[in-house]
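See below for the structure under consideration.
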Amino acid sequence: MFRHLLTTKRLRTQSAQENQLSETDSEQSVHIEMKVQDNMTKVKETLHAPSDLEMKEFTIGQNNHMCGLVCIDGLVDKDLIYDKVLKNIQLFMMDTKDYDSAKSIVTELENQVVTVTTVTASGKLDEIVQAILSGDTVLFVEDASEALIIGSKGWENRAISEPVTEAVVRGPRNGFTENLRTNMMQLRRQIRDPNLHFDSIIVGRRSKKEAVISYIGGIADPKVVEEFKYRIESIDIDEVLETGYIEQWIEDSFLSPFPQLQNTERPDRVAGSLLQGYVAVLLDGTPFALYGPSTLATTIQSPEDYYERWEIATLLRVVRYGAAFLATFLPAIYIALVSFHPGLIPSKLAFSIASTREGVPFPAVIEAFMMEITLELLREAGLRLPKPIGQTIGIVGGLVIGEAAVSAGIISPIMVIVVAITAISSFALPAYNLGISLRIIRFPIMVMSATFGLYGLIIAYIIINIHVANLKSFGVPYSTPFAPSLYSDWKDLVLRAPLTMLTKRPKMVNAQNTRRMDKGESSK
């Protein structure tokens, strides 16, 4: 069904592109004029004369051949323009009387004078305007049918810093930035393999952001790579400002609360995934990268699992799986036991719970919903407020509201404990989007428990398992390697076997080269 939807989107995209091409055919067929001033006027009119547009006219040679330089302030490296363009033109183009045509001047400038890595010639006005908006500088020459597009991108960038959303005790401290080239550089520092590919795609009809699909040739499944390209190319929207746009467009099921692609701002996590056979997506303007296919098991894993010894990593994974279960089912279990099955609770504990609930006017389900909604409000308020104030609001607000609710007899103390454990469990998950997904499905599970008791809880558990078993991420079942059972991948599931035993890449990604180490190395 999703393939049909994608095919429909592709057809709509092609139709929209054809309509756009037909509407703008006259504009795209426009070539630059032979006069520098006419070309600069056209560029100024096309861009609606912005205040940051910079234009400079000058002459070269003894015959005063007219030239024009156009760029946008803030997007270009002005030092590069002066040192590699203007200065060289003044030094080497003092005499142009020997050139028989303006084309020969452009050729000389491109091949001998302008010492910039990227220099191309173009005669199409739309390509020139798009290059200017992308941070390049355009050099017009009088009587020339082509202009030079000089690579001069040099806007301000945020320095590489430690990732905020994925803290680790042991591991690299560098994170992705909003600069695409910087992010690609960090991946190349991690993977110095000539088979590391970066395939560029322009997304967004108006934003025209550059997205890069990254994979390692000879390891990644070519079908998965092509599927990534196919889905990203099907994006038909004006703006793609963040990888979240891409994630929502290319995921298999938009109705599922579970994340079908993983996002991260850690280069080491993306590098490790690429080496396993996954495919990553980088986007200019955001520090968050996507990679997939994704499964429920991979969302619970952390890059730190491979930096610590296998015993420690295994313990941490067991704790995370337990935290995921508690974050999803603990309030529902409490509601079912207190409301329907108090006989299953040990006698002393049942008497203790009954004594704490004496005088509480609400049933357990109302208590749970009140506390969970209050917790979500505190979490959101703490996230949106400035960082120093947000932490204070989250801690103090929780303590004050919880204590006040218990003192007023509205909430029982045991419910405060249950909600607190649930919140702490959700914070223990390494993937933020998985924590949100579990918070979403927690509420309908609580409703099922309040309606049918443990039977409703079991039914909800079965429904979730059916949904997870039917969900796929780029052709890979979301429940892999549990179902279908890939026993060879169980060595890196809950148990993280010693690195010397992880000789093969995950079978679920269908890597072309399945071995990570030679037999001789694995036996050492």
Side-chain angles (χ1 to χ4, degrees), residues 72 74-75 130 133-136 153-168 171-191 196-215 225 228-229 231-251 254 259-274 278-294 298-299 302-303 383-384 387 430-437 473-474:
I72 292 183
L75 296 182
Q130 188 58 46
L133 293 174
S134 301
D136 295 328
K153 299 179 179 67
W155 50 75
E156 294 293 331
N157 298 310
R158 180 172 63 91
I160 296 175
S161 59
E162 184 175 355
V164 178
T165 59
E166 298 173 278
V168 295
R173 302 299 182 187
N174 60 310
F176 285 134
T177 68
E178 288 75 14
N179 190 303
L180 179 61
R181 302 305 170 197
T182 302
N183 297 339
M184 294 167 62
M185 173 272 295
Q186 294 193 71
L187 287 181
R188 289 199 180 277
R189 287 186 60 190
Q190 296 278 358
I191 307 174
L196 178 61
H197 292 264
F198 292 105
D199 296 344
S200 178
I201 299 176
I202 302 300
V203 292
R205 289 179 296 181
R206 293 187 181 274
S207 61
K208 297 187 185 299
K209 288 288 193 74
E210 181 181 3
V212 169
I213 300 176
S214 180
Y215 60 95
V225 175
F228 263 89
K229 293 181 180 178
R231 296 188 186 187
I232 293 178
E233 288 174 351
S234 71
I235 296 176
D236 182 21
I237 191 173
D238 281 350
E239 75 284 351
V240 179
L241 304 179
E242 215 273 340
T243 50
Y245 285 77
I246 299 177
E247 179 182 3
Q248 296 174 64
W249 191 277
I250 69 176
E251 63 185 1
F254 62 89
Q260 295 145 59
L261 284 170
Q262 292 186 254
N263 64 80
T264 179
E265 53 179 335
R266 297 190 62 89
D268 60 325
R269 189 166 191 173
V270 175
S273 301
L274 293 177
Y278 294 86
V279 180
V281 179
L282 308 176
L283 180 67
D284 190 26
T286 175
F288 285 91
L290 301 174
Y291 67 92
S294 178
T298 57
T299 57
S302 169
L383 183 65
R384 303 306 168 193
K387 191 173 182 180
Y432 176 72
N433 51 3
L434 177 63
I436 296 178
S437 301
S473 175
F474 288 86

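Atoms considered below: every heavy atom in the structure, side chains included; atoms not considered: hydrogens, waters and symmetry mates.
- Listed for the N157 side chain is no donor-acceptor partner under 3.5 Å among the backbone atoms of E178.
- At distances below 3.5 Å, at least one donor-acceptor pair connects side-chain atoms of E242 with backbone N or O atoms of G244.
- In this structure the side chain of L187 reaches within 4.5 angstrom of the side chain of F198, judged on heavy atoms.
- Considering all non-hydrogen atoms of both residues, A289 and L282 come closest at CB-CD2, 3.3 Å.
- One distance of note links CG of L75 with CG of L133; it measures 8.0 Å at 0.5 Å rounding.
- Residue R158 qualifies as enclosed at atom CZ: its count of foreign heavy atoms under 6.0 Å is above 12.
- Between Y215 and V225, some side-chain heavy-atom pair lies under the 4.5 Å cut-off.
- Distance CD1/I250 to CD1/I235: 6.5 Å, rounded to 0.5 Å.
- In this structure, the side chain to side chain contact (heavy atoms under 4.5 Å, CB included) partners of E162, at least two apart in sequence or on a different chain, are R173.
- In terms of the side chain to side chain contact (heavy atoms under 4.5 Å, CB included) criterion, residue partners of T264 (sequence neighbours excluded) are, by chain and number, E166, R266, R269, V270, Y291.
- Closest heavy-atom contact between L196 and L274: CD1-CD1, 4.0 Å.
- Looking at heavy atoms from C-beta onward, V164 lies in side-chain contact with E265 at the 4.5 angstrom threshold.
- Checked by atom type and distance alone, the side chain of T177 never pairs as donor or acceptor with a backbone atom of I160 at under 3.5 Å.
- Here the side chains of S294 and Y278 are not in contact, with every heavy-atom distance at 4.5 Å or above.
- The distance from the CG atom of L290 to the OG1 atom of T243 is 4.5 Å, given to the nearest 0.5 Å.
- Between the S134 side chain and the D136 main chain, no donor and acceptor come within less than 3.5 Å of each other.
- Interatomic distance, CZ of R181 versus CG of D284, reported as 7.5 Å (0.5 Å rounding).
- Between the S473 side chain and the Q260 main chain, a donor and an acceptor come within less than 3.5 Å of each other.
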Working for side chain to side chain contact (heavy atoms under 4.5 Å, CB included), residues L261 and F474: CA-CA 9 Å; L261 284 170; F474 288 86; 3.6 Å; yes
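- Looking at T165 and F288, their side chains come closer than 4.5 Å, going by heavy atoms from C-beta outward.
- Under a 3.5 Å cut-off, the side chain of Q186 and the backbone N or O of G175 do form a donor-acceptor pair.
- Of the options T298, T299, N433, a side chain to side chain donor-acceptor pair (under 3.5 Å) to Q262 is made by T298 and by none of the others.
- Rounding to the nearest 0.5 Å places NZ of K229 at 7.0 Å from CD1 of I201.
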Intermediate values then yes/no, side chain to side chain contact (heavy atoms under 4.5 Å, CB included), I202 and K209: CA-CA 6 Å; I202 302 300; K209 288 288 193 74; over 6 Å; no
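- The structure places CD1 of I246 at 5.5 Å from CD1 of I232, a figure rounded to the nearest 0.5 Å.
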